[in-house]
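All values below come from the heavy atoms of this structure, side chains included, with hydrogens, waters and symmetry mates left out. Please read all numbers here as calculations on a predicted model, not as lab measurements. Numbering starts at 1 and runs along the sequence shown.
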Amino acid sequence: MSSSGAASLGLISAASWGGSDFVGGVGARRSPALLVVATGHAFSLLVLLAVCLGMRLAIPGTHYVLYAVLGGFEGSLALAVFYHALAMGAMGLTAALTGLLTALVPVLFGLFHDGLPGPVTLLGLGMGCVAIWLITRTHDKQGAGTPPVALLLGALAGICFGTQMILFKMASGGGILWATASARAAGVAALLLILMVKPPKGPWRGFWLPGIAAGTLDTIGILFYFKATQLGRLDVAALVSSLYPGGTILLAALVLREWPTRRQMAGIGLALAAVALLSM
């Protein structure tokens with residue numbers, strides 16, 4: 001297995017996911033966030049199905065499809081839980097906890113499943129976890145009063161996101177394109193269920209273009225993450241891919257002039273150092 005290959009493709013995945021979150025976040029300022037996400041999922045599903053059927057790709061084994069479906073379904077439900085947790089207040093602490101657990105769950109699974117890596121890789125993994133905490137942790141004036149339920153929901157979302165990365169790794173053996181399409185189909189089903197049970201407030205307009213752009217970038221990120229897990233260790237691929245908030249922050253600074261804090265810049269610098277170590 002190639003740690004450098006997994007780290008390189010994981011970095012492309014992180015860049016794609018960071019861009020997706022930025023575009024989706026801008027769109028969510030004008031339209032309900034779940035509508036933006038659902039549009040992106042539905043559009044990318046149609047494209048993926050057209051590609052898979054057009055190329056006449058063989059449908060993978062049932063267990064591979066099941067892993068992808070479970071990952072796509074529970075990941076979309078986790079997204080709704082995460083949005084609800086953020087809406088309860090103290091976004092900085094909740095987002096940091098979610099981001100850390102998203103990376104930590106597959107890292108711990110990878111260490112258990114694949115064994116301990118070399119000391120350089122192990123140092124890079126540790127630095128990456130610290131970097132994610134620094135990048136996603138923002139200052140909350142009301143941080144001391146964070147509702148315990150918000151932290152519990154944030155932790156649950158992080159565990160589910162991390163579990164999704166493990167399931168995607170397990171699904172990658174059956175073929176990347178069909179695995180992504182299966183995950184998308186399940187994700188669309190979950191989002192439609194959420195929208196029917198609890199329709200979002202606000203105007204239902206202006207979400208198509210940002211949704212399509214965000215969904216396209218998100219799908220590219222998933223494809224590169226699948227490939228990264230095929231080339232190297234799960235913990236390396238998942239950790240580097242989980243650095244995507246750094247990309248979102250940099251885009252917000254460049255495009256919207258929303259400058260990161262010193263803590264976040266330190267986290268981005270530490271993330272780059274971690275990627276360098278993991279690429280050795």
Side-chain angles (χ1 to χ4, degrees), residues 1-18 20-21 64 67-68 70-72 74-75 78-79 82 95-118 120-136 154-173 176 179-180 183 187 218-248 267 270-280:
M1 293 190 294
S2 171
S3 293
S4 60
S8 299
L9 293 181
L11 192 59
I12 298 175
S13 176
S16 298
W17 283 342
S20 173
D21 279 2
Y64 291 122
Y67 289 141
L70 287 175
E74 62 95 16
L79 188 64
F82 179 58
L97 179 60
T98 302
L100 182 61
L101 287 174
T102 299
L104 200 57
V105 168
V107 165
L108 292 176
F109 180 87
L111 292 176
F112 176 78
H113 184 267
D114 299 326
L116 287 176
V120 175
T121 300
L122 198 59
L123 177 60
L125 291 173
M127 290 172 60
C129 289
V130 175
I132 291 171
W133 177 266
L134 292 174
I135 292 171
T136 56
L156 177 62
I159 292 171
C160 289
F161 288 145
T163 302
Q164 181 185 53
M165 302 188 90
I166 297 172
L167 290 170
F168 281 177
K169 159 68 175 177
M170 298 169 72
S172 64
I176 293 175
T180 308
D218 182 55
T219 302
I220 293 172
I222 291 175
L223 291 172
F224 275 102
Y225 171 72
F226 270 127
K227 191 62 179 178
T229 63
Q230 290 181 338
L231 289 181
R233 293 175 59 101
L234 168 63
D235 43 20
V236 172
L239 190 283
V240 177
S241 299
S242 297
L243 296 172
Y244 64 87
T248 308
L270 190 61
L272 293 174
V275 172
L277 290 176
L278 293 172
S279 300
M280 292 182 177

Side chains of [X] and [Y]: closer than 4.5 Å at any heavy-atom pair?
{"X": "Phe109", "Y": "Asp235", "value": "no"}
{"X": "His113", "Y": "Ile166", "value": "no"}
{"X": "Leu104", "Y": "Cys129", "value": "yes"}
{"X": "Phe168", "Y": "Thr180", "value": "no"}
{"X": "Leu277", "Y": "Thr121", "value": "no"}
{"X": "Ile132", "Y": "Thr102", "value": "no"}

Sidechain-backbone polar pair: [X] side chain, [Y] backbone, donor-acceptor under 3.5 Å:
{"X": "Glu74", "Y": "Gln164", "answer": "yes"}
{"X": "Ser8", "Y": "Gly5", "answer": "no"}
{"X": "Ser241", "Y": "Ala238", "answer": "no"}
{"X": "Thr98", "Y": "Gly158", "answer": "no"}
{"X": "Ser20", "Y": "Ser16", "answer": "no"}

With side chain to side chain contact (heavy atoms under 4.5 Å, CB included) as the test, would you mind laying out the steps for Gln230 and Ile176 before giving the verdict? CA-CA 10 Å; Gln230 290 181 338; Ile176 293 175; 3.6 Å; yes

Smallest separation among heavy atoms of [X] and [Y], with atom names:
{"X": "Tyr225", "Y": "Ser13", "value": "CB-OG, 3.6 Å"}
{"X": "Ala179", "Y": "Ala68", "value": "O-CB, 3.3 Å"}
{"X": "Met170", "Y": "Tyr64", "value": "O-CD2, 3.4 Å"}
{"X": "Ala157", "Y": "Phe82", "value": "CB-CB, 3.8 Å"}
{"X": "Ala7", "Y": "Val240", "value": "O-CG1, 3.5 Å"}
{"X": "Ala6", "Y": "Val236", "value": "CB-CG1, 4.2 Å"}

Let me see the working for Leu111 and Arg233 under side chain to side chain contact (heavy atoms under 4.5 Å, CB included), right down to the final yes or no. CA-CA 9 Å; Leu111 292 176; Arg233 293 175 59 101; 3.9 Å; yes

Can you tell me how far [atom2] of [Y] sits from [atom1] of [X], rounded to the nearest 0.5 angstrom?
{"X": "Leu243", "Y": "Thr248", "atom1": "CG", "atom2": "OG1", "result": "11.5 Å"}
{"X": "Lys227", "Y": "Thr229", "atom1": "NZ", "atom2": "OG1", "result": "9.0 Å"}
{"X": "Leu231", "Y": "Ser172", "atom1": "CG", "atom2": "OG", "result": "10.0 Å"}
{"X": "Phe226", "Y": "Leu9", "atom1": "CZ", "atom2": "CG", "result": "13.5 Å"}
{"X": "Ile12", "Y": "Trp17", "atom1": "CD1", "atom2": "CH2", "result": "12.5 Å"}
{"X": "Leu11", "Y": "Tyr244", "atom1": "CG", "atom2": "OH", "result": "14.5 Å"}

Should we say atom CZ of Phe224 is surrounded by more than 12 heavy atoms from elsewhere, each under 6.0 Å from it? no

